[in-house]
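Here it is, the structure, as structure tokens.
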Number of protein chains: 2
Amino acid sequence: MDEINRKIVNLLQQDSSITNQQLAEAIGLSPASSLERVRKLERSGVIRGYTALMDRRKLGKHIKAYIFITMRQHNAQLMNRFNQAVADLPEVMECDRLAGEKDYLMKVVCDNIEDFEAFTRERLTTIPGIDRTSSTIVLSTLVERSGVEY
Amino acid sequence: MDEINRKIVNLLQQDSSITNQQLAEAIGLSPASSLERVRKLERSGVIRGYTALMDRRKLGKHIKAYIFITMRQHNAQLMNRFNQAVADLPEVMECDRLAGEKDYLMKVVCDNIEDFEAFTRERLTTIPGIDRTSSTIVLSTLVERSGVEY
DNA sequence: CTTGAAATAACATAGGT
DNA sequence: ACCTATGTTATTTCAAG
């Protein structure tokens, strides 16, 4: 991972639709070498994939919220079941296990507040092992970056 | 936004590196029509852009954390300054204004715990108007989705 | 890593249903 | 809106240095 790969990573995070020729010019290498480096980054798993970023509001997803989750117990079986159940909820964009009092934090996106309420009541809090949840609605987003600076 | 556009949105979120021919086949249209729909989604802002997803650990970013922020006062000037300051912090991946007791929640990524400590002490809590912050380190990630289901 | 060449494939556009 | 057809451009692979 030298300076040229850093540039590749940053440029492809900014805009992965650039042509290999543009990328090659930007990093100061030939198109052949540029492509070889990109392929190597893909094969090594540094680049996990390519995605199109959508405007969630234009897709009708007007509610973004964070939900803290505390488990009743912390045994492996309940945690595994929870893990599985959360992976099957399409509203969950992100779910992290935390170091601290609360066990998990998840970021959720829904069409509207009614759907959000139905989601938490019918599909989230029905997962076995959950003690309590605490939801916070997002009012506005100041920063939303697609990639890390490298 | 018909059923075909839904498919396009979902497919491009899954993998934006597919060729237009593959996309056309998957949605059941000719390559020309497929491309025209994609361009229209781009122009209308439904598709905000294209990005490469990176493995943050392989880029040396080992710490992910959430930080709650409470402001001393809630006047417009302080909020604007905060907004500007946060946008200039590359460690901040996401920052949302919340409805509730805490004012903001930000997701941060750093190389290691020392950098995280330095970040909070030297560059975050020095922003004017912040009353207090509360950090939670992420232990592991259960779900991390790049796009919404549509 | 570079250049250059050749094969393949994608893109953009035009004209027609 | 969609399709087919066409010229242009980009990508990919390979060889040689």
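Per chain, numbering begins at 1; letters A, B, ... match sequence-line order.
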Next on the checklist: Of the listed nucleotides (dT3(C), dT13(C), dC2(D)), which one gets closest to any side-chain atom of Leu29(B)?
Outcome noted: dC2(D)
Checklist entry - Hey, does Ser33(A) reach any base, or is it just sugar-phosphate, or nothing, if we go heavy atoms under 4.0 Å? => result base
Item to check | Nearest-nucleotide pick for Ile4(B), side chain only, options being dT4(D), dC2(D), dA10(D) | outcome: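 Among the listed nucleotides, the one closest to the side chain of Ile4(B) is dC2(D).
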Next on the checklist: Quick check for you: among dA10(C), dT11(D), dC11(C), whose closest atom lies nearest to any side-chain atom of Leu35(B)?
Outcome noted: dC11(C)
Item to check | Under 4.0 angstrom between Arg39(B) side-chain N/O and dC11(C) OP1 or OP2 | outcome: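 False: Arg39(B) side-chain N/O out of range (4.0 Å or more) of dC11(C) OP1/OP2.
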Item to check | Value in whole Å for how far the P atom of dA9(C) lies from CD1 of Ile18(B) | outcome: 17 Å
Next on the checklist: Below 30° counts as parallel, above 60° as perpendicular, anything between as tilted: where do the rings of Tyr66(B) and Tyr66(A) land?
Outcome noted: perpendicular
Next on the checklist: Can you tell me how far apart CD (Glu144(B)) and CZ (Arg48(A)) are? Round to the nearest 0.5 Å.
Outcome noted: 5.5 Å
Item to check | Separation of dA12(C) C1' from Glu42(B) CD (nearest whole Å) | outcome: 13 Å
Checklist entry - With a 4.0 Å cut-off on heavy atoms, is Glu36(A) in touch with a base, just the backbone sugar-phosphate, or nothing at all? => result nothing
Next on the checklist: Show, in sequence, the C-alpha distance, side-chain angles and deciding distance for Gln77(A) and Asn80(A), and conclude whether the side-chain contact (heavy atoms from CB on, under 4.5 Å) test is met.
Outcome noted: CA-CA 5 Å; Gln77(A) 202 192 340; Asn80(A) 279 342; 5.8 Å; no
Next on the checklist: Mind checking if Ser30(A) touches a base, just sugar-phosphate, or nothing, with heavy atoms under 4.0 Å?
Outcome noted: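 Base: the residue Ser30(A), judged by heavy atoms under 4.0 Å, touches a nucleobase.
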Checklist outcome for this item: note: Leu23(A), atom CG; dC1(C), atom P; distance rounded to Å ~ 13 Å
Next on the checklist: Using whole Å, what does the distance between atom P of nucleotide dA1(D) and atom CD of Glu3(B) come to?
Outcome noted: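 It works out to 16 Å between those atoms.
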Item to check | Atom pair distance, as rounded to whole Å: NZ in Lys40(B) and P in dA1(D) | outcome: 5 Å
Checklist entry - Is the shortest distance from a Lys or Arg side-chain nitrogen in Arg37(B) or Asp2(B) to a carboxylate oxygen in the other one below 4.0 Å? => result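 So Arg37(B) pairs with Asp2(B) through a salt bridge.
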Item to check | Separation of dC3(D) C1' from Ile27(B) CD1 (nearest whole Å) | outcome: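 Between C1' of dC3(D) and CD1 of Ile27(B): 13 Å.
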Checklist entry - So with a 6.0 Å cut-off around CD of Glu25(A), is the heavy-atom count from everything else above 12? => result no
Checklist entry - What is the distance, rounded to the nearest whole Å, between atom CD of Gln21(A) and atom C1' of dT8(D)? => result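 Taking atom C1' of dT8(D) as the reference, CD of Gln21(A) is at 13 Å.
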Checklist outcome for this item: Winner on side-chain proximity to Thr19(B), out of dA10(C), dA1(D), dC1(C), is dA10(C)
Next on the checklist: Nearest whole Å is fine: how far is dC11(C) P from Gln22(B) CD?
Outcome noted: 10 Å
